[in-house]
Chemist: 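Just dropping this structure here.
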Protein chains: 2
Amino acid sequence: MARMKETILSVAIDLFFEKGYFATSISGIAAGCGIQKASIYYHYANKEAILFAIMERTMQALVAHLEQRLTGVTDVEARLRAAVRSHVEFHLRHQKETFIASSELRGLSDAHYRAIVARRDTYEQFLQELIMAGIGAGCFAAGDVKILSYAILTLCTAGASWYNPAGRLSIDAIAGIYEDFILSGLKQGLSEGRPGTSAAGYMTHLA
Amino acid sequence: MARMKETILSVAIDLFFEKGYFATSISGIAAGCGIQKASIYYHYANKEAILFAIMERTMQALVAHLEQRLTGVTDVEARLRAAVRSHVEFHLRHQKETFIASSELRGLSDAHYRAIVARRDTYEQFLQELIMAGIGAGCFAAGDVKILSYAILTLCTAGASWYNPAGRLSIDAIAGIYEDFILSGLKQGLSEGRPGTSAAGYMTHLA
DNA sequence: TGAATCTTACCGACCGGTCGTTAGGCAAAT
DNA sequence: ATTTGCCTAACGACCGGTCGGTAAGATTCA
């Protein structure tokens with residue numbers, strides 16, 4: 001059965017999150033599974049394959065989560081709100097995996113690195129298109145789309161590094177705060193008619 | 001002379017940034033300095049001491065940079081703007097060191113870990129006090145101070161992970177964008193008189 | 001001044017230990 | 001009888017770190 005294969009993955013997620021990929025040993029993972037380290041190689045070709053399996057699965061689920069949350073949402077602002085919320089919720093709900101996926105890219109082989117980065121880029125571009133649509137529709141102020149998208153993504157991603165499931169704030173509450181914070185950043189100056197200080201004049205197209 | 005001691009530090013910064021602390025070997029650092037690895041131990045007690053030296057120096061400089069930028073600035077909003085700008089500029093200007101300082105904490109010994117985290121906490125608390133002063137003075141909307149401060153810090157810090165010195169945007173331009181983005185986030189709803197959606201009702205004091 | 005001593009900054013060789021990985025075998029399940 | 005899932009044992013490579021030693025310069029003392 002594939003039960004042990006899943007166990008290995010879940011133990012590896014715990015250890016990679018806690019001590020980092022390079023500081024985690026195969027024997028440590030094996031011990032966490034209650035087997036010998038040689039037995040790991042029956043299920044995975046090598047250590048890097050475990051890391052890749054975690055990242056691949058996480059990135060795939062991240063994209064699927066976003067797609068599901070956007071189906072049926074047509075209003076531009078509502079779509080971006082939904083995207084932000086989806087992003088935050090996924091990252092907080094899958095705190096360990098997303099932290100690993102964003103911090104252990106260096107552990108991947110060249111081919112696997114390219115595969116994961118390609119998925120990440122697709123995700124980023126999708127968000128950038130949402131922002132551009134909003135600017136085009138006049139509900140967001142003009143700004144540097146790349147920087148804004150990075151800001152949104154890293155803001156939400158960083159949440160996964162300090163979020164405490166036992167803390168005082170729920171995932172929903174945090175998502176709400178981020179949602180408002182980001183939306184007001186995107187709309188900045190629009191309602192006030194203020195000419196905008198340094199953000200004005202930057203290109204809005206992608207490089 | 002202490003020249004080699006500095007060379008080791010600068011080579012280590014390059015390698016830690018590029019490959020990570022655990023993936024960098026003492027012999028690699030030595031090779032980068034043009035000496036044998038045993039000679040490293042004449043200048044530093046062990047590998048971790050090199051990491052600590054980098055972090056300690058960086059955190060000290062970070063605090064000093066902020067203090068210098070805030071002297072003479074009294075207006076609450078201007079102080080927060082200056083703090084954000086100081087933070088962004090320092091992180092982009094010392095991209096490698098700040099990236100290491102924020103991503104390689106796990107490489108430190110317990111005692112050194114506590115020392116660095118203490119410095120980081122002091123810095124965070126300082127920013128939180130700035131925000132609270134702004135809320136108290138009525139120029140920022142009420143919100144969760146902890147979350148807001150984390151948002152500001154991670155937003156700026158993340159810039160160090162994607163900033164390209166040879167890219168199309170200058171440090172000054174990026175700092176300006178972040179400054180406006182964050183300020184509008186902090187002021188959200190104030191001028192519009194909108195009751196605020198999910199951000200309303202959270203405590204503004206520190207835990 | 002000159003000899004003796006100490007300090008600085010480095011080297012080559014080596015240590016114990018851990019790493020990821022492989023080979024081969026064994027017992028239970030199919 | 002074969003496959004599945006795990007085992008014990010061992011491999012070579014490399015790790016951080018220590019050792020004794022050394023060449024060159026600075027300092028001390030006669």
Side-chain angles (χ1 to χ4, degrees), chain A residues 1-56 100 103-113 115-116, chain B residues 1-56 100 103-113 115-116:
Chain A
M1 214 192 295
R3 242 188 64 234
M4 183 55 75
K5 196 165 183 175
E6 288 300 314
T7 303
I8 292 172
L9 231 48
S10 112
V11 169
I13 287 171
D14 285 346
L15 293 179
F16 290 169
F17 177 73
E18 187 182 313
K19 325 198 312 179
Y21 173 70
F22 287 105
T24 299
S25 65
I26 291 285
S27 51
I29 298 173
C33 299
I35 60 175
Q36 294 298 313
K37 69 170 175 173
S39 307
I40 297 282
Y41 291 86
Y42 174 78
H43 300 281
Y44 292 94
N46 49 40
K47 188 185 178 184
E48 191 255 1
I50 300 176
L51 179 62
F52 179 65
I54 293 170
M55 290 200 179
E56 173 79 351
I100 293 166
S103 64
E104 299 290 7
L105 277 168
R106 283 187 292 217
L108 293 174
S109 68
D110 281 4
H112 285 164
Y113 176 85
I116 297 297
Chain B
M1 215 191 297
R3 242 187 66 238
M4 183 55 75
K5 197 165 183 176
E6 288 301 314
T7 304
I8 292 172
L9 231 48
S10 110
V11 169
I13 288 172
D14 284 345
L15 292 179
F16 290 169
F17 177 73
E18 189 180 312
K19 325 197 315 178
Y21 173 70
F22 287 105
T24 299
S25 66
I26 291 285
S27 52
I29 297 172
C33 299
I35 58 175
Q36 293 299 313
K37 75 167 179 172
S39 307
I40 296 283
Y41 291 88
Y42 174 77
H43 300 281
Y44 293 94
N46 50 39
K47 188 184 179 186
E48 190 253 2
I50 300 176
L51 178 63
F52 180 65
I54 294 170
M55 291 200 180
E56 172 78 351
I100 294 167
S103 64
E104 300 289 8
L105 276 168
R106 283 187 292 217
L108 294 173
S109 67
D110 281 4
H112 285 164
Y113 176 85
I116 297 297

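Here is the naming used below: chain letters follow the sequence lines, and residue numbers restart at 1 for every chain. Remember, predicted model here, so these are calculated numbers, not experimental data. Just so you know, these numbers use all the heavy atoms, side chains as well, and skip hydrogens, waters and symmetry mates.
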Chemist: When you get a sec, tell me which of dG16(D), dA13(C), dA23(C) is the closest nucleotide to the side chain of Ile26(B)?
Modeler: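 Of the options given, the side chain of Ile26(B) lies nearest dG16(D).
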Chemist: How many Å lie between OH on Tyr21(A) and C1' on dC19(C), as a whole number?
Modeler: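 Between C1' of dC19(C) and OH of Tyr21(A): 12 Å.
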Chemist: Phe22(A) CZ to dG20(C) P: how many Å, rounded?
Modeler: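 My rounded result for the distance is 10 Å.
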Chemist: Heavy-atom nearest nucleotide on DNA chain D for Lys37(A) versus Tyr42(A): which residue maps closer to 5'?
Modeler: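 It is Tyr42(A) whose nearest nucleotide is closer to the 5' end.
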Chemist: Please give, in whole Å, the distance from dG20(C) P to Ile29(A) CD1?
Modeler: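 From Ile29(A) CD1 to dG20(C) P: 8 Å.
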Chemist: To the nearest Å, how far apart are Ile35(A) CD1 and dT4(D) P?
Modeler: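 Distance, rounded to whole Å: 17 Å.
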Chemist: Is the backbone N or O of Leu51(B) less than 3.5 Å from a side-chain atom of Glu104(B), with the two atoms forming a donor-acceptor pair by type?
Modeler: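 A pair under 3.5 Å: no.
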Chemist: If you compare every side-chain N and O of His43(B) against the phosphate oxygens of dT8(C) (OP1, OP2), does one of them come in below 4.0 Å?
Modeler: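 Answer is no, no contact under 4.0 Å.
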Chemist: Can you measure Lys47(A) atom NZ to dA13(D) atom P for me and round it to whole angstrom units?
Modeler: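 Rounding to the nearest Å, NZ of Lys47(A) and P of dA13(D) are 19 Å apart.
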Chemist: Between dC6(D) atom P and Ile40(A) atom CD1, what is the distance in whole Å?
Modeler: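 Atom-to-atom, Ile40(A) to dC6(D), this comes out as 9 Å.
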Chemist: Which part of the nucleic acid, if any, lies within reach of Gln36(A) when heavy atoms closer than 4.0 Å are counted: base, sugar-phosphate only, or nothing?
Modeler: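 Gln36(A): base contact, heavy atoms under 4.0 Å.
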Chemist: Can you tell which of Ile29(B), Ile50(B), Ile26(B) makes a side chain to side chain contact (heavy atoms under 4.5 Å, CB included) with Tyr44(B)?
Modeler: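 The side chain to side chain contact (heavy atoms under 4.5 Å, CB included) with Tyr44(B) is passed solely by Ile50(B) among Ile29(B), Ile50(B), Ile26(B).
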Chemist: Assess whether side-chain contact (heavy atoms from CB on, under 4.5 Å) is satisfied between Arg106(A) and Tyr113(A), documenting all intermediate values.
Modeler: CA-CA 8 Å; Arg106(A) 283 187 292 217; Tyr113(A) 176 85; over 6 Å; no
Chemist: Does a side-chain N or O from Ser39(B) land closer than 4.0 Å to OP1 or OP2 of dC11(C), or not?
Modeler: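 Answer yes for this pair, as a side-chain N or O of Ser39(B) is under 4.0 Å from OP1 or OP2.
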Chemist: Does a nitrogen or oxygen in the side chain of Ser27(A) sit under 4.0 Å from OP1 or OP2 of dC19(C)?
Modeler: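 For dC19(C), OP1/OP2 do have a side-chain N/O of Ser27(A) under 4.0 Å.
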Chemist: Kindly indicate whether a cation-pi arrangement holds for Lys19(A) with Phe22(B), taking the cut-offs as under 6.0 Å to the six-membered ring centre and within 45° of the axis.
Modeler: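 The answer is no, since Lys19(A) fails at least one limit relative to Phe22(B).
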Chemist: Closest-nucleotide mapping onto DNA chain C: is Ala38(A) or Ser25(A) further toward the 5' terminus? I mean the 5' end.
Modeler: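 The answer here is Ser25(A).
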